[in-house]
Amino acid sequence: MTLAHERWVQAAQPPEELYARALTGGELHIRGEDGRSRRLPVDRWLGPLCPADARALDRARGPVLDVGCGPGRHVLALTRRGIPTLGLDIAPAAVRCARGRGAAAVLCSVFDSVPGSTHWQTALLLDGNIGIGGRPVALLGRVRELLCPTGSALCEVGPPGSATTCELLVLEDANGVQSSRFAWAHVSIDVIAQTAARAGMRVRELWEDEGRWFAVLEPDRDRTNPRSAPHRAGVAA
């Protein structure tokens, strides 16, 4: 095996493998298509709730489904409040970590068969998880299907003036080893109302807290059969 081929093999590691190492204390960065890199706040994900998180969760009504729960800090916090909560994640290490901390979590994609479908009062898409899969309209449409008629989605979005895009990202550890690419979307608060409408949802509340931006979305009962425009690269579909 040549050195170039060895580096290619390293670069092709699944994102879940680098994520698993980070959960045990490793440093983790995310790199976009523009080449810019930023450190992911793994310490925050593993730590207690910050005040902005706690105030956001004040809006959650049980039962709650945490989509992309990671190490489970939101699931654990709500459970301690006496609110039935289940976390979903596609990363085995995240689910193991969440369960090890006492949070209920299952290894599952939100687009697969989800326990309790149509009975969830609140779905969480915090920490930017509205970007999962790179298609926020499709994701919100799926979340809408999982909610009960009076349910809502609690989302964290980008600040005013930020770009709304879809791009391919890679994870990168402290040694420069990269993961394979995966799609992720960024949705600005400037366009969350339009994005939600394309998924058959509407904005109930918007707010800013500690420099982070949040939205509560609810099904738009006047639109029983939402239709989404086709997904295109760079467009939050």
What's the shortest heavy-atom distance between [X] and [Y], and which atoms?
| X | Y | value |
| --- | --- | --- |
| Ser113 | Cys108 | O-SG, 3.5 Å |
| Pro136 | Ala185 | CD-CB, 3.6 Å |
| Leu23 | Leu46 | O-CD1, 3.9 Å |
| Gly200 | Arg144 | O-NE, 2.8 Å |
| Ile132 | Gly68 | CD1-CA, 4.2 Å |
| Val67 | Leu125 | CB-CD2, 3.7 Å |

*May I ask you to decide whether Asp220 forms a salt bridge with Arg198, counting only side-chain N to carboxylate O separations under 4.0 Å?*
no
*Decide, yes or no, whether a salt bridge links Asp53 with Arg212 under the criterion of side-chain N to carboxylate O below 4.0 Å.*
yes
Side chain [X], main chain [Y], donor-acceptor under 3.5 Å:
| X | Y | value |
| --- | --- | --- |
| Glu208 | Trp213 | no |
| Asn175 | Val177 | no |
| Arg202 | Ala193 | no |
| Ser37 | Arg31 | no |
| Arg99 | Ala105 | yes |

Could you work out, with side chain to side chain donor-acceptor pair (under 3.5 Å) as the rule, every residue matching [X], not counting sequence neighbours?
| X | result |
| --- | --- |
| Thr150 | Gln121 |
| Glu205 | Arg59 |
| Asp209 | Arg55 |

*Are Tyr19 and Leu40 close enough, and set up right, to give a side chain to side chain contact (heavy atoms under 4.5 Å, CB included), and what steps lead you there?*
CA-CA 10 Å; Tyr19 185 35; Leu40 290 176; over 6 Å; no
Just wondering, do [Y] and [X] contact through their side chains at under 4.5 Å, heavy atoms?
| X | Y | result |
| --- | --- | --- |
| Glu210 | Pro51 | yes |
| Ser188 | Val157 | no |
| Ser180 | Pro15 | yes |
| Arg38 | Ile30 | yes |
| Val106 | Leu88 | yes |

_For a side chain to side chain contact (heavy atoms under 4.5 Å, CB included) check, start with the C-alpha distance between Met201 and Leu147, then their side-chain angles and the critical distance, and finish with the verdict._
CA-CA 11 Å; Met201 303 188 79; Leu147 292 172; 4.1 Å; yes
Determine whether [X] and [Y] fall in the same hydrophobic cluster, where Ile, Leu, Val, Met, Phe, Trp and Tyr are linked whenever their side-chain heavy atoms lie under 4.5 Å apart.
| X | Y | value |
| --- | --- | --- |
| Leu206 | Val143 | yes |
| Phe111 | Val187 | yes |
| Leu18 | Leu168 | no |
| Val95 | Val110 | no |
| Trp120 | Leu139 | yes |

*Apply side chain to side chain contact (heavy atoms under 4.5 Å, CB included) to Ser152 and Arg204, showing your working.*
CA-CA 9 Å; Ser152 61; Arg204 189 171 76 201; 3.8 Å; yes
*Hey, what else clusters with Leu78 if you join Ile, Leu, Val, Met, Phe, Trp, Tyr whenever side-chain heavy atoms sit under 4.5 Å?*
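For the cluster that includes Leu78, the remaining residues are Leu49, Leu57, Val64, Ile83, Leu124, Leu126, Leu154, Trp207, Phe214, Val216.
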*Applying salt bridge (Lys or Arg N to Asp or Glu O under 4.0 Å), name anything that partners Arg101, two or more places apart in sequence or on another chain.*
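For Arg101, no residue satisfies salt bridge (Lys or Arg N to Asp or Glu O under 4.0 Å) once neighbours in sequence are set aside.
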*Residue pairs involving residues 122-133 (criterion side chain to side chain donor-acceptor pair (under 3.5 Å); sequence neighbours excluded)*: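 Those involving residues 122-133 are Arg44-Asp127, Arg73-Asp127.
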_Over 12 foreign heavy atoms within 6.0 Å of CD1, Ile90_ = no
To the nearest 0.5 Å, what is the distance between [atom1] ([X]) and [atom2] ([Y])?
| X | Y | atom1 | atom2 | result |
| --- | --- | --- | --- | --- |
| Leu169 | Leu171 | CG | CG | 8.0 Å |
| Asp89 | Glu16 | CG | CD | 8.5 Å |
| Ser117 | Arg142 | OG | CZ | 5.0 Å |
| Leu140 | Cys155 | CG | SG | 5.5 Å |
| Leu217 | Thr195 | CG | OG1 | 9.5 Å |
| Glu156 | Ile192 | CD | CD1 | 11.5 Å |

*For the pair Val170 and Phe182, evaluate side chain to side chain contact (heavy atoms under 4.5 Å, CB included) and give the outcome as yes or no after the intermediate values.*
CA-CA 7 Å; Val170 296; Phe182 58 96; 5.5 Å; no
